[in-house]
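Working notes, beginning with the structure itself.
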Amino acid sequence: VTPEGRVTGHIGTITDITQRKLSEQSSAELAHRLQLVTDSVPALISYVDAEGRYQFNNLAYVNWFGHAREDIQGKHMREVLGEEAFAALEVHVRTALSGQPVEFEARIRYRDARARHIRAQYVPDVRADRTVAGFYALITDVTQHKEAEQRTRELLREVNHRAKNMLAVVHAVARQTAASESPETFTERFSARLAGLAASQELLVQNDWRGANLDRLIRSQLAHLDALVDRRIFLEGQPIRVSPAAAQAIGMVVHELSTNAAKYGSLSNWTGEVKIAWSLKGVGNDARVAMEWAEYNGPPVAQPKREGFGHSAIVRIVEHELDGGVELDYLPEGIKWRMSAPAGAVLDRGSLPPIGSQSA
Amino acid sequence: MTLKILIVEDEALIAQELEAVLTAAGFAIAGVAPSVAKALALIAERQFDTAILDASLRGHSAEPVAQTLRHSGTPFLVLSGYSHAHLTGALLDVPHLTKPIRPEALVRAIRALTES
């Protein structure tokens with residue numbers, strides 16, 4: 001420009017910004033792709049800067065906390081997670097920001113009082129000059145997994161408890177069988193009783209330990225008299241579902257009654273019969289289960305001289321385990337056993353008659 | 001003097017077994033309870049020196065019974081199919097025998113309980 005103000009020429013610089021434009025475009029593209037990829041990952045992914053502020057969160061992360069992405073962006077971890085959660089995580093955050101990768105599992109109580117079990121991995125972002133710019137956090141919610149583990153542990157504990165209890169029952173059966181049998185008959189009687197216990201267990205396991213249908217339970221105990229069932233042994237009663245404990249108790253009673261009938265009672269000749277009947281009567285807390293085993297046309301019945309295992313089983317088990325009453329009569333036509341017990345002690349919890357309902 | 005024992009056990013055959021073992025060892029049975037409610041009733045109405053308590057009664061914890069026994073200063077031992085680590089509250093810190101029970105071990109434990 002001359003002193004007169006005339007422009008005589010111009011000097012210019014030209015910068016080729018193609019590369020810069022291209023790289024701006026490609027880093028925007030890259031960020032978009034990164035967001036897309038991380039948003040489709042079910043784990044929580046975030047980038048936290050050296051001040052502990054969120055610079056990036058994937059969709060799972062924002063969804064987990066129920067925030068909008070913009071609400072988390074730039075916020076401090078303490079603010080988003082809550083004081084208690086941050087206090088628990090702080091040591092790991094410090095480690096990551098010192099340049100050390102961290103992996104840990106912890107049960108964390110977050111700001112909204114949700115306690116979650118997490119598995120976390122912090123990867124420090126170490127730059128070329130060795131400074132730490134922040135860290136990537138990868139978090140998996142393993143709460144359900146942990147709860148399943150806990151359920152498995154409880155289940156195993158329960159199985160262990162039941163197994164030991166069953167061993168104690170078997171032990172008692174063995175000693176009491178030995179007390180009332182001769183060494184010659186011991187093995188046969190003991191094996192038969194074990195088979196009876198096993199049959200009830202089998203039925204309970206088939207029903208996931210949720211009780212047993214009484215008709216099926218009785219039939220399972222009559223397996224050794226299979227040919228006589230519905231011919232000389234008659235079952236009659238409404239469908240009712242008894243609790244696991246009651247199934248074991250009633251199973252043992254039916255086992256004892258049936259082996260006794262086959263040896264000495266109405267099933268020991270060619271003409272005798274057994275009628276097994278049960279019913280559920282009454283309403284609410286007054287509801288009771290009644291059951292009867294009645295033998296007919298058997299050989300003459302005599303009152304046993306001593307009370308062995310069988311007798312205690314058919315009387316005491318009902319009184320003790322079902323809070324029930326038992327009547328046992330040695331009538332001329334055959335033995336008659338009757339029990340009556342509160343429905344609450346016999347039925348499976350799910351099948352108790354509702355209060356106010358009329359029994360069938 | 002014959003020591004009287006209260007048995008709290010929901011399984012009839014096991015209760016009967018305990019009765020047989022204890023009677024044979026020279027003890028007297030003060031009563032047999034199959035549930036928490038029955039046990040509490042028997043504790044209130046009967047005289048006894050010591051008790052045997054099954055940790056789990058008809059699916060419920062025997063803790064209320066253990067608490068009542070503790071309050072009255074009655075020594076007792078816990079019997080269960082659970083390992084000791086799984087017992088809680090008032091069932092802890094008392095002698096514990098795991099099922100199935102060896103008769104000699106039971107008698108020894110009862111003697112130790114009443115002599116101390």
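Quick note on labels: first sequence line is chain A, next is B, and so on, each numbered from 1. The structure presented is a predicted model; accordingly, all values stated were derived computationally and were not measured. Only this structure's heavy atoms are used, side chains among them; waters, hydrogens and symmetry mates stay out.
Within 6.0 Å of atom CZ in B:R102, 12 or fewer heavy atoms from other residues, nucleotides or ligands are found, so the atom counts as exposed in its surroundings. For A:R216, the CZ atom counts as loosely surrounded, since its 6.0 Å shell holds 12 or fewer non-hydrogen atoms of other residues, nucleotides or ligands.
A salt bridge between A:K275 and A:E295 is absent, with no side-chain N of the basic residue lying under 4.0 Å from a carboxylate O of the acidic one. With salt bridges taken as basic N to acidic carboxylate O contacts below 4.0 Å, one links B:K38 and A:D323. Between B:E19 and A:R316 a salt bridge is recorded (basic side-chain N to carboxylate O distance below 4.0 Å).
Contact annotation for B:I101: only backbone heavy atoms (N, CA, C, O) come within less than 4.5 Å of a heavy atom of chain A. Only the side chain of B:S56 comes within contact range of chain A, with heavy atoms under 4.5 Å apart. Heavy atoms of B:A33 lying under 4.5 Å from chain A belong exclusively to its backbone. With a 4.5 angstrom heavy-atom cutoff, B:Q16 touches chain A via backbone and side-chain atoms both.
The shortest distance between side-chain heavy atoms of A:M291 and A:M339 falls below 4.5 Å. Within the 4.5 Å cutoff, side-chain heavy atoms of B:I14 are placed close to those of B:K99. A heavy-atom distance below 4.5 Å is found between the side chains of A:R241 and A:N207. Two residues are said to be in side-chain contact when any heavy atoms from C-beta on lie closer than 4.5 Å; A:V301 and A:L331 fail this criterion.
Scanning residues 244-262 of chain A against chain B with a 4.5 Å heavy-atom cutoff picks out A:Q248, A:M252, ordered by number. Using a 4.5 Å heavy-atom cut-off against chain B, the contacting residues of residues 164-200 of chain A are A:K164, A:N165, A:L167, A:A168, A:V169, A:H171, A:A172, A:V173, A:R175, A:Q176.
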Residue pair B:E104, B:R108: steps toward the salt bridge (charged side-chain N to carboxylate O under 4.0 Å, His left out) verdict: CA-CA 6 Å; B:E104 324 81 78; B:R108 215 169 10 208; 5.7 Å; no

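In terms of heavy atoms, B:P34 sits closest to B:D10 at O-CB, 3.3 Å.
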